[in-house]
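What follows is a set of notes on a single structure, which appears directly below.
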Amino acid sequence: MSLLERLQSLDAYSKLPSDMRVKTLSGAAISLTTLLLISLLVVSEYGRFVAVRQVDHLYVDPSDDQDAKLKINFDVTFPHIPCKLLSLDAMDVSGTHLLDVRHNILKQPLDANGDPIGLELKHDLGGSLKPSDLKNTTKGAVTDIEDPRHPQYCGSCYGAEQREGQCCNTCDDVREAYRVKQWGLDELTKIKQCVREGHTNEQFLIELNRGDGCRMRGYLKVAKVDGNFHFAPGKSFQNAHVHVHDMAAIDAGKFNVSHTINSISFGDSFPGAVNPLDGRTRIATEGGTMLMYYTKVVPTSYKKLNGETIDTNQFSVTEHTRLMAAPVHAHGGGHAHGSHAGLPGVFVLYELSPIFVQVQETRGSFSHFITQVVAILGGIFTLAGVVDKFVYKGIRTIEKKMD
């Protein structure tokens, strides 16, 4: 026997002559069904092959950078608190306090229907009192010029000057100077700048009773330690290590802190990110309500297929609502609070988790795809052959019985 004949004897797929093959309608139907199933399964497997999957890995947080910052993005609407009365503060366990934060913050006044009024206002860090407002003059630098548009105008700080020649040309300048002195400012009608700008207690009450609101959005960068940030009425300051809000002599029970959180996130967004506070609306049925959100922030690194890495955070949240305790009055009609007692507002308390999550984009290998396609072809053809034999024998048996 020649070598070719020996190789031919190893053929596991022996062939029948074409004139010995029997073609049936049932076999044709099974063949078409087989092709359809194979096509569907191969297309489905190809979709899985090209799809990007996310794989999570958990580690103990390796970060030890003492200068690391936590970026907090927020967009919150308060339909019943005017922008003039709304402030944002942040504090952490290291003792850092950011009072009446204005840098990278936008405030949009809203009417009673929730429609925007005027332009969105952007404030600079530290209020409107800038070094350029300090005049190189001697004590008693307040001039007789009453027109604030005059280049030599220098408004009085009403006893709250920190240095000779300091000018307070706006109501915010005066309130900032009083805040730095840790004084309350309850008689705004006596401050010319506030009367001129409509920042008086009476005007605040008119806007409050009229139902004016405010949309506040922007971001904070704080130390990467546990802390909180809160939205509350009044201008804030520290008095004997106590956090105080000057509410312009307005009863805290008049403030309705109902709100809608359009979005709150810790860090940059990444594909598949879910922020549980987005779109959340809470209605305060009584004035002087404290709404607190306790968040657990998990440091997260998202690595894309192209190698780009996004360092961000995920978080979970629980919430608690309670009526404000009896206020502790501070000098000037302010309201002090310890452990958030005595201050209406929305508090977001965040705690950093020691767990670090790495989310990595992956895609199936080509060899795995080929293996799956071969398995589909072999399995479907084998199953189809078994079904065809049963159907053919069944039909032959019925035909014999009928004959």
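Side chains of D92 and S94: a donor-acceptor N/O pair is present below 3.5 angstrom, by distance only. Using modelled atom types and a 3.5 Å distance limit, the side chains of T300 and Q314 yield a donor-acceptor pair. Checking Q54 against Y302 by side-chain atom types alone, a donor-acceptor pair falls below 3.5 Å. For T77 and N262, the side-chain atoms include at least one donor-acceptor pair closer than 3.5 Å. Side-chain polar atoms of Y219 and N104 form a donor-acceptor pair below 3.5 angstrom. Residues N256 and S258 bring a donor and an acceptor atom of their side chains to less than 3.5 Å of each other.
R363 meets the salt bridge (Lys or Arg N to Asp or Glu O under 4.0 Å) test with no other residue; sequence neighbours excluded. Under the ring-ring contact (aromatic ring centres under 6.0 Å, His included) criterion, F49 pairs with F369, not counting sequence neighbours. For the salt bridge (Lys or Arg N to Asp or Glu O under 4.0 Å) test, no residue two or more places apart in sequence or in another chain qualifies with E361. For K389, there are no salt bridge (Lys or Arg N to Asp or Glu O under 4.0 Å) partners at least two apart in sequence or on another chain. Residues that satisfy the side-chain hydrogen bond (donor to acceptor under 3.5 Å, both in side chains) test with T289, not counting sequence neighbours, are absent from this structure.
Taken as a pair, C214 and C83 meet the criterion of an SG-SG distance shorter than 2.5 angstrom.
Annotation for L32: atom CG counts as buried by contact number, over 12 foreign heavy atoms lying within 6.0 Å. Within a 6.0 Å sphere centred on NZ of K296, other residues, nucleotides and ligands contribute more than 12 heavy atoms. For Y59, the OH atom is densely surrounded, since the number of other residues' heavy atoms within 6.0 Å is greater than 12.
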- side chain to side chain donor-acceptor pair (under 3.5 Å) between D278 and S263, intermediate numbers included: CA-CA 4 Å; D278 289 4; S263 66; 4.9 Å; no
- Steps toward side-chain contact (heavy atoms from CB on, under 4.5 Å) verdict (R322, H320): CA-CA 7 Å; R322 71 175 182 180; H320 176 65; 3.9 Å; yes
- Task: May I have the step-by-step check of side-chain contact (heavy atoms from CB on, under 4.5 Å) for Y293 and L349, ending in yes or no?
- Result: CA-CA 6 Å; Y293 299 99; L349 299 91; over 6 Å; no
- Message: Set out, in order, the CA-CA distance, both residues' side-chain angles and the distance that settles disulfide bond (SG atoms under 2.5 Å apart) for C167 and C154, then state yes or no.
- Response: CA-CA 5 Å; C167 300; C154 181; 1.8 Å; yes
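Using the six-membered ring where Trp is involved, F74 and F231 have ring planes that are perpendicular, over 60° apart on the 30 and 60° scheme. Relative orientation of the H259 and F78 rings is tilted, given thresholds of 30° and 60° on the angle between their planes.
Closest approach of S301 to T309, counting heavy atoms only: OG-CG2, 3.2 Å. Looking at every heavy atom in both residues, D61 comes nearest to P299 through OD2-CG, 3.5 Å.
Test L352, V348, N275, V274 against F315 for side-chain contact (heavy atoms from CB on, under 4.5 Å) and you get one pass: N275.
Separating the CG atom in D388 from the CZ atom in F381 is a distance of 12.0 Å, to the nearest 0.5 Å.
Contacts classified as salt bridge (charged side-chain N to carboxylate O under 4.0 Å, His left out) and involving residues 281-295 (residues at least two apart or in different chains) are given here: R282-E319.
Residues E351 and T295 fail the side-chain proximity criterion, which asks for heavy atoms closer than 4.5 Å.
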